[in-house]
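So the structure is just underneath, and the comments pick up after that.
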Amino acid sequence: MKSVQFNVTSRLDGDVAVIYPKGYLNNLSGESLVIECGIYIGKGITKIVVNFSETDLINSIGISMLLQIIEDLRNIKGTICCTNMSKFLRDTFEMLGLIKHMHVFPVESDALKYLKAGKA
Amino acid sequence: MPLNTIPAENFLNREYEFKYLKDLAELKGNALGGNVFLEGARGMGKTELLKQLYRFLYWEDGVVPFYYSFKTANLKGTYFARDYFTGFVRQYLSFAKKEPAIADNAAEPLQRLMPVISSLGLHWLIDCIEDFQEHLRKNDFYWQIVAAISVPVVAAQKSGKPVIIMLDDFDAAERLYESSLGDAHGLISLFGESMRNRLCPHVITGSTGALEAIFTDHSLIGMTEQMRLGPLPEDLAAALFRAHLAHLKVACAPGAQLKFLDILRGNPLYIRNLAKAAWKMQKKEFTEKDLIECYAFEVTEGETAFYWSSVFNRYVPNASKRKAMLKLLMHSIENGGMENGAQLVMVSGLGEAETAAILEAMEVSGIIRENDSVFQDFIRCLYLKEIKGREARDVREKIELKYVSAGEESRFELVIPMSSNAELVVAKAVEQIGRNIHLDPDFLNYLQLALIEVCINAIEHSGSYEKKVFLKFITRPDKLEIIIENSGRPFSLDSRTEVPVEEKLRMGMKRGWGFKLVYAIMDSVKIERINDRTRVILIKNITDKEVLQ
Ligand SMILES: Nc1ncnc2c1ncn2[C@@H]1O[C@H](COP(=O)(O)OP(=O)(O)O)[C@@H](O)[C@H]1O
Ligand SMILES: [Mg+2]
């Protein structure tokens, strides 16, 4: 499973976890995305930023994994923010009706500001 | 008749075959070979090669040429016997005297040739003629045929000079009959004796694959070697076309590349017909576009269309059966073959037995094996006219339209294994293809996504044993067409029904989005099923907004 781990990196910024999925977002990398978030949620984190700057290709199974994260966060009244999405990615999420279940920001720092302001 | 042919210098690209056939008698004399089955698609030049050979041998003295065409022959046995017999006698005398008129004058009774025969001292030939007339008087069907077929052999034996026997479109001899069609199968095997003779090499022609069908006697196949006439190479095909145009005094526009000629696949008959069409349509400065226009005329109403129609009429004389055949052929073109028997019965609209009979006729005529684009376009046109009731003019325009834009078409094919991440190879390929035609990178992302979805669907759900996905990309200035095909389970419609996100969240159901995306991205999505294969056809129209400015 090493190569799969390689597709997702993350860091903690205060009480916010920032996740970076890389390359092709498919079922495998989608799953490790879910696992990665799960680890933070398990530690009591409720605010997650997914930074898509290094995601180039996607498929519907990969996208659907995001639903899992949305669901997990919803259960603990958490917040998910997505940042650095290409127009293509945003439009695709829009097309699938995902956008209204997440907060979208152009860049990561905007999301962090928003979350730290404590409005979420 | 066989002497009436094109000048040797206009006969292109058959030097090797010509030389081989020229020395055939010698080969047979040395038991090194001697009978050739000359096969090739219709119009490829089989008859022409025989005629060239005939003319060459005629003016030499070593080997007697005899040519007989079954294509135009009356296949009622008694007619055939008389025709074959007198044909040989005339050609033999014509050769001996070097007087072409003797062979040409078919109306002159043999009796009148008696003085010539006597003057040449051919007493054995007089015996042959008397014997033959005796069989006629006795109404002896079988012996008439045997006597006719064996007269060249007798001539060779009596004179010691080999006779090369050219039997053109010999597969038709399968249908020789006594008093009604099909009542005397196997008369063709009577040629066996003649074929075995050391002094009589045979060159027989037929369409590809016909030899096995006509000889049930395998020793005959064993004595026969195959020679295949292929297409003229691209450059010679163009040269031939230009030579025809020049001959017809049609000028070519300067710089005209005539790339579209490739569609004729080096078939000399098609090339000649197309040049004649240019002349009939009174083209002045012949351009690439004229070429397409003349082609469209050819396959709808020109000589090529007429040629194929007459092949149809010959093998399937009944009009309603011909219509059924047309439907079957159209079906085969659209589906890349005819496999499923039950479906064919549905397509033909006739009963099982009648459908089988038509398929048999198509098999015998070799039509079933024809798959060149010209033939297919002819079928398309005929189908539109006869089944769909369209006007010839409309049909012609349709063909023109198809090729005018296709000029700038390019095609790529790709086969991927059904393994993980194979869809990424497709995504990369379509990216480059898109770049080649300057598509906007943003738009390319969508295309990649759509393709990935279709491929994943095939990989995950088809259950295919073949474990391959076949892709074809066709780009034109106005649209991009992508065909994705694989074997296995048909497409399940579930994967297309829409479930709202909220529902998915509630039900923990996270899949089934793929085709929603594909439908949203492409302008047209067609899903077809052919036997055990699924074919998805994606089309994206290219407008300015998809093109990089
Ligand atoms: N090698 C060639 N070079 C030039 N013209 C050819 C050549 N072979 C055939 N042709 C011409 O093409 C046409 C079709 O040839 P034909 O011998 O009738 O084909 P087939 O007997 O194979 O159906 C004829 O007009 C013939 O003169
Ligand atoms: Mg011929």
Side-chain angles (χ1 to χ4, degrees), chain A residues 1 3-4 6-7 22-35 37-38 52-78 80 82 84-102 104, chain B residues 419-432 434 439-461 469 494-522 545-546:
Chain A
M1 289 300 272
S3 66
V4 176
F6 193 67
N7 281 322
K22 285 185 183 160
Y24 180 31
L25 182 59
N26 61 1
N27 47 339
L28 293 178
S29 53
E31 237 158 68
S32 46
L33 189 64
V34 173
I35 293 169
C37 291
F52 284 102
S53 59
E54 290 186 61
T55 301
D56 45 16
L57 286 168
I58 53 173
N59 72 26
S60 61
I61 308 171
I63 303 171
S64 68
M65 294 296 173
L66 281 174
L67 271 183
Q68 179 76 53
I69 301 171
I70 293 174
E71 200 174 50
D72 292 349
L73 281 171
R74 178 180 281 189
N75 289 339
I76 55 164
K77 303 219 157 20
I80 181 167
C82 294
N84 302 74
M85 294 163 80
S86 63
K87 180 174 172 335
F88 157 70
L89 200 59
R90 229 191 34 239
D91 289 351
T92 307
F93 282 18
E94 183 91 65
M95 213 185 303
L96 296 174
L98 269 179
I99 288 284
K100 51 181 179 283
H101 300 280
M102 52 177 64
V104 177
Chain B
S419 59
S420 70
N421 286 347
E423 73 275 14
L424 284 180
V425 175
V426 177
K428 285 293 167 206
V430 79
E431 184 179 8
Q432 190 57 52
L439 291 185
D440 183 76
D442 245 3
F443 171 63
L444 279 178
N445 278 142
Y446 288 105
L447 260 186
Q448 287 180 306
L449 176 58
L451 263 177
I452 285 175
E453 293 307 324
V454 180
C455 290
I456 289 181
N457 190 69
I459 293 171
E460 294 208 327
H461 303 300
V469 183
D494 304 352
S495 51
R496 289 174 50 191
T497 45
E498 237 180 77
V499 182
V501 160
E502 290 71 19
E503 192 85 345
K504 284 194 180 183
L505 277 174
R506 208 164 41 79
M507 294 168 41
M509 176 179 144
K510 295 179 192 63
R511 293 209 169 180
W513 267 343
F515 267 74
K516 181 180 158 90
L517 287 169
V518 178
Y519 275 90
I521 294 168
M522 305 308 291
K545 84 176 186 301
E546 280 92 15

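The figures that follow rest on heavy atoms only: side chains count, while hydrogens, waters and symmetry mates do not. Worth saying up front: this structure is predicted, and the values here are computed from it rather than measured. Each chain gets a letter, A, B and so on, in the order the sequences are listed, and its residues count up from 1.
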Given a strict heavy-atom distance threshold of 4.5 Å, which part of [X] is in contact with chain B: side chain, backbone, both, or neither?
| X | value |
| --- | --- |
| N26(A) | side chain |
| Y24(A) | side chain |
| L57(A) | side chain |
| I63(A) | both |

Say you draw a straight line from CG of D56(A) to CD of E431(B); how long is it, rounded to the nearest 0.5 Å? 9.0 Å
Quick one: pull up CD1 in I61(A) and CG in N457(B) and give me the separation to the nearest 0.5 Å.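 I61(A) atom CD1 to N457(B) atom CG measures 9.0 Å (nearest 0.5 Å).
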Quick one: of N445(B), I452(B), L449(B), I521(B), who has the most non-hydrogen atom pairs under 4.5 Å with chain A? N445(B)
Which of L424(B), D442(B), N421(B) touches chain A most, by non-hydrogen pairs under 4.5 Å: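 The candidate making the most pairs under 4.5 Å is L424(B).
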Identify the heavy atoms of K516(B) and M95(A) that sit nearest to each other, and give their distance.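 For K516(B) versus M95(A), the nearest heavy atoms are CE-O, 3.4 Å.
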